[in-house]
Amino acid sequence: MEVEPARRDAAALDPELLQLPELAPGALRENSIIADALYSQWLVLPDTAKLVKSLIDDAKAGATLNVAGTSASTNAASSSSLPSMFPAGSAPPLSPRSTSGSPRVMRRGPGAGPSSLGSPLKLVSEPVREVIPQFYFKNGRPPPKDLKEQCLSRIDHLFFGGEGLQIQEFRSVTKDICKLPSFFSSVLFKKIDVACTGTVSRDAFVEYWINDNMITMDMASQIFEILRKPGYNYLTQDDFKPVLKELLATHPGLEFLQGTPEFQERYAETVIYRIFYSINRSGNGHLTLRELKRGNLIAALQQLDEEEDINKVLRYFSYEHFYVIYCKFWELDTDHDFLIDKENLIRYGNHSLTYRIVDRIFTQIPRKFTSMTEGKMGYEDFVYFILSEEDKSSEPSLEYWFKCIDLDGNGILTSNEMQFFYEEQLHRMECMAQEPVLFEDILCQMIDMIGPENESYFTLRDLKRCKLSGNIFNILFNLNKFMAFETRDPFLIRQERENPTLTEWDRFAHREYIRLSMEEDGEDASNGSGDVWDESLEAPF
């Protein structure tokens, strides 16, 4: 079909015939030649020429344009009689027009309102800018106004007179205003009294506690900021010593130690060692704020401040737990030089450990010794050992013993490595005339117990997922606990279920404290009976 003949034929048609009511829009899209011919015909219509001329005149005159025919202007009104090429209601929407370079669009100033063009496109309003409140504060979040006023009111009440408070008067401020354990009073006082004047004024306390935004921190962050040295982002063991010193001087449950400074020092050291054993998971002696928040020390400190019986605070501060640890170390340290060697440690638990695991401990693979003496384990090293040995369900203990068994340090325990340690157990069972259990059988039992992801080896992740994983290490190097596990007492199992909050360490320390106290009472009774006997012998003379 030729375009030019089509145009000549269409020119002779009546414009009303171009309404094409029976022509579907899809037909035009399928045959572009017909669409071009119809468009060319529309351009040569007289009314079309009048419309174009009218729009050009309006544009030159600066009048408002309305191409959709909704304007009231006389020029645009003629568009209502324009022959339509599509059925009523089926016309497609106009495409968006460029605002630059078009003679049909006027330039508007920055303050002009929306265009009056009859475009079917709706104007999109600019998005409302939402003001995001500040969420990061370099020096901590400032306190709300009501909290600040409430705190200032209590401060004015305690600092009545304006002369400041001395260290013995500062305890109420620590407890009532700061909501901290009372035994943090001295270290907080010295933190504020930088000049060591012996007095903390109201303004100095307000500057430190309110203006420095300490009041809005959580308790873990407050304690961390109070204890840490300037310029350090971690805590060391020395940072806790002032707190333990005040605790020993003020807690009613520790009054009986005030006459024995040596045991006070040992108690404080033991508590600090236990804190770092459980919370300082990196093992570098640098306790970070994240580690402090993840641990349970803050809860233990709060309980300690409210509980008069120190032995009810099982986490870290129980005197009975300290007594058990210290007496166990003293029993092994035969020469009392506060150091123990391999031969001393092999006697632990009635010779329950194998020589191979003791040798492995003294290679310092699980933890570097702090004794600074070759081939000797110090008191701190022993605390880490006994906590790991008596509670193999804790994560620090699992990591400690995993390093011991992992001979090549590749992060997995293979059957060859476990068999190396079990061979000595097997030999000991034979020497004790007990029926030996072959390693192949015990390996199947351990795999069923742990359920590792890969049955050819154990990973630390496998062990941490299983509550019975501590028994793996007992099987490999602790014969007494291995045999106790094989012949479990139903009464003890029921007792453990009745107190699920108690750890293996809690149960062990309770049993040992009763045993040690009974032995001490027996010695006192024998010494007392001897004195009486001596007096009776001397009476006749």
Side-chain angles (χ1 to χ4, degrees), residues 332 340-369 375 377 381-382 384-452 454-487 504 508:
L332 300 179
I340 59 178
D341 55 18
K342 291 182 182 180
E343 296 303 321
N344 298 138
L345 190 61
I346 202 67
R347 296 188 294 106
Y348 179 83
N350 196 18
H351 295 82
S352 60
L353 301 176
T354 62
Y355 281 95
R356 290 183 178 181
I357 197 64
V358 171
D359 290 340
R360 189 67 173 162
I361 293 171
F362 274 83
T363 59
Q364 305 182 38
I365 294 298
R367 182 179 183 272
K368 294 292 183 182
F369 289 169
M377 173 188 285
D381 307 317
F382 179 78
Y384 275 70
F385 160 76
I386 192 173
L387 293 175
S388 299
E389 168 58 23
E390 300 303 338
D391 188 2
K392 294 188 177 72
S393 63
S394 66
E395 290 196 4
S397 175
L398 293 175
E399 295 171 1
Y400 186 95
W401 297 118
F402 188 91
K403 294 176 182 178
C404 287
I405 307 300
D406 186 15
L407 296 175
D408 54 6
N410 62 349
I412 61 174
L413 303 184
T414 62
S415 58
N416 291 334
E417 291 171 327
M418 291 185 284
Q419 187 174 9
F420 171 78
F421 289 94
Y422 186 75
E423 285 175 352
E424 189 174 350
Q425 288 280 72
L426 191 60
H427 177 70
R428 297 175 75 187
M429 283 188 283
E430 293 173 350
C431 294
M432 296 174 63
Q434 295 185 2
E435 182 180 357
V437 183
L438 298 179
F439 177 75
E440 290 74 12
D441 298 332
I442 208 67
L443 180 61
C444 293
Q445 182 179 350
M446 291 190 295
I447 292 175
D448 293 339
M449 186 186 305
I450 300 301
N454 191 322
E455 294 187 358
S456 59
Y457 56 82
F458 293 157
T459 64
L460 184 59
R461 179 180 178 182
D462 294 331
L463 299 181
K464 288 184 177 181
R465 286 191 295 105
C466 179
K467 294 182 179 180
L468 301 175
S469 55
N471 296 307
I472 297 295
F473 299 116
N474 290 332
I475 292 172
L476 296 179
F477 54 76
N478 192 314
L479 184 59
N480 294 348
K481 291 185 178 181
F482 174 34
M483 302 309 298
F485 176 72
E486 290 294 319
T487 59
E504 293 182 16
F508 165 79

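As the structure is a prediction and not an experimental result, all values here were calculated from the model.
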List for me each residue that meets side chain to side chain donor-acceptor pair (under 3.5 Å) alongside [X], sequence neighbours excluded, and say none if there are none.
X: D408; answer: N410
X: D441; answer: none
X: T363; answer: none
X: K392; answer: E389, N474

Could I get the full list of ring-ring contact (aromatic ring centres under 6.0 Å, His included) partners for [X], not counting sequence neighbours?
X: F362; answer: F369
X: F421; answer: none
X: Y400; answer: none
X: Y348; answer: F385

| said: If you count heavy atoms of other groups shown closer than 6.0 angstrom to CZ of F485, is the number above 12? | reply: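 Atom CZ in F485 is crowded, with more than 12 foreign heavy atoms closer than 6.0 Å.
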For a 4.5 angstrom cut-off between non-hydrogen side-chain atoms, does [X] reach [Y]?
X: I450; Y: C466; result: yes
X: L398; Y: F473; result: yes
X: F477; Y: I405; result: yes
X: M432; Y: L479; result: yes
X: I447; Y: P452; result: yes

Would you give the length of the straight line joining atom [atom1] of [X] to atom [atom2] of [Y], rounded to the nearest 0.5 angstrom?
X: Y384; Y: M377; atom1: OH; atom2: CE; answer: 12.5 Å
X: L332; Y: D341; atom1: CG; atom2: CG; answer: 10.0 Å
X: I365; Y: K403; atom1: CD1; atom2: NZ; answer: 9.5 Å
X: L426; Y: C431; atom1: CG; atom2: SG; answer: 10.0 Å
X: I442; Y: I475; atom1: CD1; atom2: CD1; answer: 4.5 Å
X: R347; Y: I340; atom1: CZ; atom2: CD1; answer: 9.0 Å

| With S415, which residues qualify under side chain to side chain contact (heavy atoms under 4.5 Å, CB included), at least two apart? |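 S415 satisfies side chain to side chain contact (heavy atoms under 4.5 Å, CB included) with F439, L443 once adjacent residues are dropped.
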| Can you name the residues that form a side chain to side chain contact (heavy atoms under 4.5 Å, CB included) with D359, not counting sequence neighbours? |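 Expected list: K342.
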| Any side chain to side chain donor-acceptor pair (under 3.5 Å) pairs touching residues 457-471, not counting sequence neighbours? | E399-K464, T459-D462, D462-R465
| said: Per the side chain to side chain donor-acceptor pair (under 3.5 Å) rule, what does the pair list look like for residues 422-431, sequence neighbours excluded? | reply: R356-E423
